[in-house]
Amino acid sequence: MVLVPGMLCDADLWADVGVPSPVVHAEVTAPDIGGMAEQVLAAVDGPFVLAGLSLGAIAGFEVARRAPGRLAGFCAMATNAGAPRREQLAGWADLDRLTADGGFEAAVARILPAMFADPDPVLHQRFLGMAGRVGPAVFRAQLAAQATRRDAHAAIAGLSCPVLVLCGERDALCPPAFHHKIAAHARDATCHVIPGAGHLLTLEAPDTTTELLRDWLRGLSKELRCPRS
């Protein structure tokens, strides 16, 4: 399994989620979505299961477009398969200017409230810690990459592998409607809305996320051993 983090996140995003080994943590540091997809594809050889959250899943959609045969399963969490909206492009440009002018911490503080359904000082510090490790240069590359993404629903429809879609009921950035649309385009999809969770659901609802992911992986493992005729 290849785990792909969201913007301003690193491997700590997955620390509370128990999944079977082996696990590879891919980086998404390229300044365009195509480059991020190539980073994911280069993380391992051969077929793999991809789990991505937010920007990580967006990079995964591009993997689905470029190399669908490499994917044995795809879990998309807290994400958006649509093309950027005008207000998103303007917001990312504002954050990039702020960061370029030395305001990285202010930019992160602006993003923080949308990460969780409820204020939680411990989770806030974990996000701030991840953001600090990612740093301003990678953050600016990730903002640039967001602006290059394309509508990915056709790529999702082209996948033959099972797809798991997870989202938080109270995700302010990527609401459940986005995820129902992703699942509706996939040939073989399961969609779950996690009650009370926000955007970073692996931190805010790790137990539920783990249970859903493990159940899906067990079914996926059976399917890979006994493929449908």
Worksheet item: Any side-chain heavy-atom pair from L8 and M130 closer than 4.5 angstrom?
Response: no

Fill in: Donor on one side chain, acceptor on other, T29 and Q142, under 3.5 Å
no

Worksheet entry | Ring centres under 6.0 angstrom apart (F116, H124) | yes

Item to complete: Measure the spacing between CE of M77 and CG of L201 and express it to the nearest 0.5 Å.
Response: 6.5 Å

Worksheet item: From L213 CG over to W14 CH2, what is the distance, rounded to the nearest 0.5 angstrom?
Response: 8.0 Å

Discussion item. Are F178 and L53 connected into the same hydrophobic cluster when the rule is that any two of I, L, V, M, F, W, Y join if their side-chain heavy atoms are below 4.5 Å apart?
Written reply: no

Worksheet item: What heavy-atom pair brings L41 and A67 nearest, and what distance separates the two atoms?
Response: CD2-CB, 3.9 Å

Discussion item. Between L217 and V49, is there a side-chain heavy-atom distance shorter than 4.5 Å?
Written reply: yes

Practice prompt. Check whether L166 and V193 end up in the same hydrophobic cluster, where Ile, Leu, Val, Met, Phe, Trp and Tyr are linked by side-chain heavy atoms less than 4.5 Å apart.
Written response: no

Worksheet item: What do the steps show when you test K181 against H153 for side chain to side chain contact (heavy atoms under 4.5 Å, CB included), and what is the final call?
Response: CA-CA 8 Å; K181 186 175 180 180; H153 292 98; 3.5 Å; yes

Worksheet item: Hey, is the main chain of S54 close enough, under 3.5 Å, to the side chain of T79 for a donor-acceptor pair?
Response: yes

Item to complete: Assess whether side chain to side chain contact (heavy atoms under 4.5 Å, CB included) is satisfied between R86 and L89, documenting all intermediate values.
Response: CA-CA 5 Å; R86 183 177 300 176; L89 293 170; 5.6 Å; no

Worksheet item: Just wondering, do H192 and V165 contact through their side chains at under 4.5 Å, heavy atoms?
Response: no

Worksheet entry | V40 and E27: CA distance, side-chain angles, deciding distance, side chain to side chain contact (heavy atoms under 4.5 Å, CB included) verdict | CA-CA 7 Å; V40 175; E27 292 187 349; over 6 Å; no

Worksheet item: What's the spacing between D171 CG and I194 CD1 if we round to 0.5 Å?
Response: 10.5 Å

Item to complete: Sequence neighbours left out, what passes ring-ring contact (aromatic ring centres under 6.0 Å, His included) with F48? Give chain and number order.
Response: none

Item to complete: Determine whether E38 and V63 make a side-chain contact, defined as any pair of heavy atoms from C-beta on separated by less than 4.5 Å.
Response: no

Worksheet entry | Donor-acceptor contact below 3.5 Å, side chain E204 vs main chain A117 | yes

Worksheet item: Would you say the side chain of D94 lies within less than 4.5 Å of the side chain of R110, judging by non-hydrogen atoms?
Response: yes

Worksheet item: Side chains of I33 and L55: does their closest heavy-atom pair fall under 4.5 Å?
Response: yes

Worksheet item: What about V108 and L98, same hydrophobic cluster or not, with Ile/Leu/Val/Met/Phe/Trp/Tyr joined at side-chain heavy-atom distances under 4.5 Å?
Response: no

Worksheet item: Looking only at atom types and distance, does a side-chain atom of D32 sit under 3.5 Å from a main-chain N or O of G35, one as donor and one as acceptor?
Response: yes

Item to complete: Answer whether the closest heavy-atom distance between the side chains of N80 and C174 falls below 4.5 Å.
Response: yes

Item to complete: Give a yes or no on whether the backbone of G34 and the side-chain of R65 come within a donor-acceptor separation of less than 3.5 Å.
Response: no

Worksheet item: If only atom types and distance count, is the side chain of R214 paired as donor or acceptor with the main-chain N or O of G18 below 3.5 Å?
Response: yes

Worksheet entry | Distance, nearest 0.5 Å, that separates CG of D16 from CZ of R126 | 4.0 Å

Fill in: Nearest heavy-atom neighbours spanning A131 and F104
O-CZ, 3.4 Å

Worksheet item: Sub-3.5 Å donor-acceptor pair from the side chain of E211 to the main-chain atoms of T208, do we have one?
Response: no

Fill in: Under 3.5 Å donor-acceptor, R187 side chain and A157 backbone
yes

Fill in: Check: R140 side chain, T99 main-chain N or O, donor-acceptor pair, under 3.5 Å
no

Discussion item. Let's go through V24 and L3 carefully: what are the C-alpha distance in whole Å and the side-chain angles of both, what is the deciding distance for side chain to side chain contact (heavy atoms under 4.5 Å, CB included) to 0.1 Å, and is it a yes or a no?
Written reply: CA-CA 6 Å; V24 173; L3 301 177; over 6 Å; no

Worksheet item: Taking all atoms of both residues into account, what is the closest heavy-atom pair of A155 and A64, and its distance?
Response: O-CB, 4.2 Å

Worksheet entry | Where V19 and V23 come nearest, the two heavy atoms and their spacing | CG2-CG2, 3.6 Å

Fill in: Side chains of L203 and L200 in contact at under 4.5 Å (non-hydrogen atoms)
yes

Discussion item. Would you compute the distance between atom CZ of F61 and atom CG of L159 and round it to the nearest 0.5 angstrom?
Written reply: 9.5 Å

Worksheet item: Which heavy atom of A30 sits nearest a heavy atom of Q39, and at what distance?
Response: N-OE1, 3.2 Å

Response to the item:
All heavy atoms of C161 vs all of L71, minimum pair found to be CB-O, 3.4 Å

Worksheet item: How many angstroms lie between CE in M7 and CD1 in I111, if you round to the nearest 0.5 Å?
Response: 4.5 Å

